[in-house]
Amino acid sequence: MALKQTLKQKIEEFRPRTTKLTKEFGDVVIDKVTIAQAIGGARSVRCLVTDISYLDPQEGIRFRGKTIPETFAALPKAPGSPFPTVEAFWYFLLTGDVPTEAQTAEVLKEWKVRQRVPSYVWDTLRAMPRDTHPMTMLSAGVLTMQKDSKFLAYYNSGNFNKMDAWEAVYEDASDLVARIPVVAAFIYNLKYRSDFQTAPHPELDMGANFAHMIGQVEDYKDVARMYFILHSDHESGNVSAHTTHLVHSALSDPYYAYSAGLNGLAGPLHGLANQEVLSWTMNFQAKYCADQEPTKELIREALWDTLNAGQVIPGYGHAVLRKTDPRYMAQREFCLRTPGLKNDPLFQVVSMIFEVAPDVLTEHGKTKNPWPNVDAQSGVIQWYYGLTEWDFYTALFGVGRCLGCMANITWDRGLGYPIERPKSVTTAMLEEWAAAGGRPM
Ligand code: NMX
Ligand code: MLT
């Protein structure tokens, strides 16, 4: 069965579960909210629902119930590669089913049609100053396509039906996941390769095609596949996924929603941390290692200098995780398996930071999680393959994150989630409830 038909069946079978929970068990309490949580970014408040992925603080992410190694092992692989195609992963994220080779091939074929980017996007991007940040360009590129949104056209058709609306979201979502690597590659070539553009390959899978479009070597095809899958989804509460969900909940179409999600991803406490890691490491080498080899002692000194200057150590800490991010470990293992990378001086420094930073952060005593997150390890791989323009790293993250955000909003519409609108209170109210020992219920 084709992906959309499978999804239709899945969504229709799933709906009664959500309806029953809301109608029959809607009053069941699943959490309480403290003053610290209301002021402190709603940390740990259980008030979002998604079945696409789940983040356990100790174990890390599971995509559709599978850990990262299980996901990589289960899915059909790209030809001659130990890594699955992004197309197979997309099928899996949307449906929860591991696709067959034939189902994967169908998605690949469909994306080859969907990946055609309207030429007005190129005009828009070329009109922007060349020193514009790639995330601004990516967000603008996505937003520019909004005028041709199929969801928007469906909404304006006069036949809008809540039960079927997910189908138009699915169409936009599929177009966007197929197009975003093409847009990102265009931006890369525009900014760093003197606008030398390579057309998408008619047969290559998404990761391989991205490598092809930016003029990368054969081995980078696996890097791209791994990177996009690892960065795809991290349950619903992270800034990019939550923003996309929130904006789409107003029935803003997927282009509006994901452009907004990308703007959140561009923040240094979120996706931009991967570029910050590279710039921190380069600054460290320039400042502390001009006439000596990097050592753990020098790294310790540099980490303390950063903390004492009131800055965060990029790539370390997490709002949910309380152990080393398995996405960090997956990339570290890739480095250890890749002969040149294993001995790469930058990887050695990143490994030394891994040995030193958790102790320094623990001694510093502020962060609840001194362990590295995904961003601490991703840049070094890109750098090794010659993708040294680190302000592009978050755009790579944005290509991967599109998969998770689009799968989520397709299901949001399928299950008819309403507009999101939490309640706010005033500081005076908090003071009154604090004095009374709690809010009178
Ligand atoms: N370096 C220094 N201080 C830190 C760090 C860090 N890496 N992580 C947390 N803290 C501080 C944090 O700033 C806060 O300080 P204060 O009380 O003065 O405001 C305190 O520790 C408690 O913060 P937590 O509750 O541990 O972390 P929170 O949930 O608020 O924030 C992050 C999570 C990820 C924003 C935070 O750990 C951070 O800023 N890390 C560095 C940036 C980074 O790597 N971001 C990428 C996250 C992954 N991603 O891709 O999105
Ligand atoms: C993510 O992948 O979105 C980050 O790890 C941040 C998060 O989960 O909050």
Side-chain angles (χ1 to χ4, degrees), residues 34 36-37 39-45 48 50 52-57 59-63 68 135 227-245 258 261-281 299-300 302-331 350 353-354 356-379 393-405 407-408:
T34 64
Q37 287 171 315
I39 293 176
R43 199 71 80 257
S44 304
V45 180
L48 291 165
T50 177
I52 310 283
S53 69
Y54 180 75
L55 182 63
D56 179 86
E59 186 191 52
I61 197 68
R62 275 180 186 258
F63 303 118
I68 290 166
M135 283 300 278
Y227 191 101
F228 296 145
I229 292 174
L230 286 180
H231 287 78
S232 62
D233 207 36
H234 220 225
E235 68 169 38
S236 290
N238 67 76
V239 170
S240 47
H242 189 196
T243 304
T244 306
H245 163 81
Y258 195 55
L262 283 168
N263 297 342
L265 191 66
L269 296 187
H270 191 16
L272 202 82
N274 61 9
Q275 95 166 45
E276 303 281 276
V277 167
L278 243 285
S279 76
W280 189 94
T281 312
I299 288 173
R300 186 181 300 277
L303 291 170
W304 274 114
D305 284 351
T306 302
L307 291 170
N308 290 336
Q311 291 158 14
V312 295
I313 307 296
Y316 281 75
H318 201 275
V320 178
L321 279 166
R322 294 294 175 261
K323 61 158 255 189
T324 297
D325 191 334
R327 300 171 298 176
Y328 177 95
M329 288 313 286
Q331 295 181 95
V350 165
I353 300 174
F354 183 31
V356 176
D359 283 349
V360 170
L361 282 165
T362 303
E363 205 182 322
H364 183 241
K366 273 191 173 182
T367 176
K368 296 187 187 68
N369 173 40
W371 301 104
N373 60 61
V374 67
D375 295 325
Q377 186 61 242
S378 51
Y393 293 174
T394 313
L396 292 172
F397 195 155
V399 173
R401 184 49 53 95
C402 189
L403 297 157
C405 290
N408 268 293

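Order of appearance sets the numbers: ligands from 1, and atoms from 1 within every ligand. Worth saying up front: this structure is predicted, and the values here are computed from it rather than measured.
In this structure, the separation between OG on S240 and CG on L262 is 8.0 Å, given to the nearest 0.5 Å. Remark: I61 CD1 to D325 CG distance equals 9.0 Å, nearest 0.5 Å. Distance CD/E276 to CG/L269: 9.0 Å, rounded to 0.5 Å. Taking CZ of R401 as the start and CG of L230 as the end, the distance is 11.0 Å to the nearest 0.5 Å. Interatomic distance, N369 CG to L361 CG, rounded to the nearest 0.5 Å: 9.0 Å. Taking CG from D375 and CD from Q275, the interatomic distance works out to 10.5 Å, rounded to the nearest 0.5 Å.
In terms of protein heavy atoms, atom 48 (C) of ligand 1 is closest to D375 OD2, 3.5 Å. The protein heavy-atom contact nearest to atom 38 (C) of ligand 1 is Y316 O, 3.9 Å. For atom 8 (O) of ligand 2, the closest non-hydrogen atom of the protein is H234 ND1, 2.7 Å. Atom 1 (N) of ligand 1 has as its closest protein heavy atom I313 N, 2.8 Å. In terms of protein heavy-atom proximity, atom 39 (O) of ligand 1 is nearest to L269 CD2, 3.3 Å. The protein heavy-atom contact nearest to atom 42 (C) of ligand 1 is P268 O, 4.0 Å. Regarding atom 9 (O) of ligand 2, its nearest protein heavy-atom neighbour is N238 CB, 3.4 Å. Protein heavy atom at the shortest distance from atom 1 (C) of ligand 2 is R401 NH2, 3.4 Å. Nearest protein heavy-atom contact of atom 6 (C) of ligand 2 is H318 NE2, 3.5 Å.
When each atom of ligand 1 is checked for a heavy atom of F397 under 4.0 Å away, the hits are 50 (O). Every atom of ligand 1 with a heavy atom of A319 under 4.0 Å away is listed here by number and element: 29 (O), 33 (C). Ligand-side atoms of ligand 1 in range of H318: 33 (C), 34 (C), 37 (O), range being under 4.0 angstrom from any heavy atom. Near G315, with a cut-off below 4.0 Å to any heavy atom, the atoms of ligand 1 are 43 (C), 44 (O). Numbered from 1 in the order shown, with element, the atoms of ligand 1 that lie under 4.0 Å from a heavy atom of K366 read 15 (O), 18 (O), 20 (C), 21 (O), 22 (C).
Here the side chain of S53 pairs a donor or acceptor atom with the backbone of E235 at under 3.5 angstrom. Checked by atom type and distance alone, the side chain of N373 never pairs as donor or acceptor with a backbone atom of H318 at under 3.5 Å. Checking side-chain atoms of Y258 against main-chain N and O of C405 turns up no donor-acceptor pair under 3.5 Å. Put simply, the side chain of R43 never gets that close to the backbone of Q37: no donor and acceptor are under 3.5 Å apart. A donor-acceptor distance shorter than 3.5 angstrom exists from the side chain of Q331 to the backbone of R327, with no hydrogens or angles considered.
In R327, the part holding a heavy atom less than 4.0 Å from any atom of ligand 2 is the side chain. Looking at N373 against ligand 1, only its side chain comes within 4.0 Å, counting heavy atoms. When heavy-atom distances to ligand 1 are checked against a 4.0 Å cut-off, A273 comes that close only through its side chain, counted from C-beta outward. Only the side chain of L361 comes within 4.0 Å of ligand 1, counting heavy atoms alone; its backbone N, CA, C and O stay farther away. For H231, no heavy-atom contact with ligand 2 is shorter than 4.0 Å. For T367, heavy-atom contacts with ligand 1 shorter than 4.0 Å involve the backbone as well as the side chain. With a heavy-atom cut-off of 4.0 Å, L307 touches ligand 1 through its side chain alone. Of all the heavy atoms of E276, none lies under 4.0 Å from any atom of ligand 1, so neither backbone nor side chain is involved.
Remark: among candidates R43, H364, K368, the nearest residue to atom 25 (O) of ligand 1 is K368, based on non-hydrogen atoms. Evaluated by nearest non-hydrogen atom to atom 51 (O) of ligand 1, the leading choice among H270, H234, Q311, H231 is H270.
Ring centroids of Y54 and F63 are separated by 6.0 Å or more, keeping the two rings apart. Aromatic rings from H270 and H242 are positioned such that their centres are separated by 6.0 Å or more.
Under the side-chain contact (heavy atoms from CB on, under 4.5 Å) test applied with L55, the options V320, N238, D233 reduce to a single match, V320.
An N or O contact shorter than 3.5 Å is missing between V312 and ligand 1 by distance. The distance criterion of under 3.5 Å between nitrogen or oxygen atoms is not met by S240 with respect to ligand 2.
For W280, the CH2 atom sits in a packed shell: over 12 heavy atoms of surrounding residues, nucleotides or ligands are nearer than 6.0 Å.
Protein heavy atoms are absent from the 4.0 Å sphere centred on atom 14 (C) of ligand 1. Taking a distance limit of 4.0 Å, we find that atom 32 (C) of ligand 1 is approached by no protein heavy atom. Put simply, atom 18 (O) of ligand 1 has protein non-hydrogen atoms near it, under 4.0 Å away.
With hydrogens and angles left out, the side-chain atoms of T394 and N274 include a donor and acceptor closer than 3.5 Å.
The aromatic rings of F397 and H231 sit perpendicular, their planes meeting at an angle over 60°, well past the 30° parallel limit.
Residue E235 places every heavy atom at 4.0 Å or more from ligand 2.
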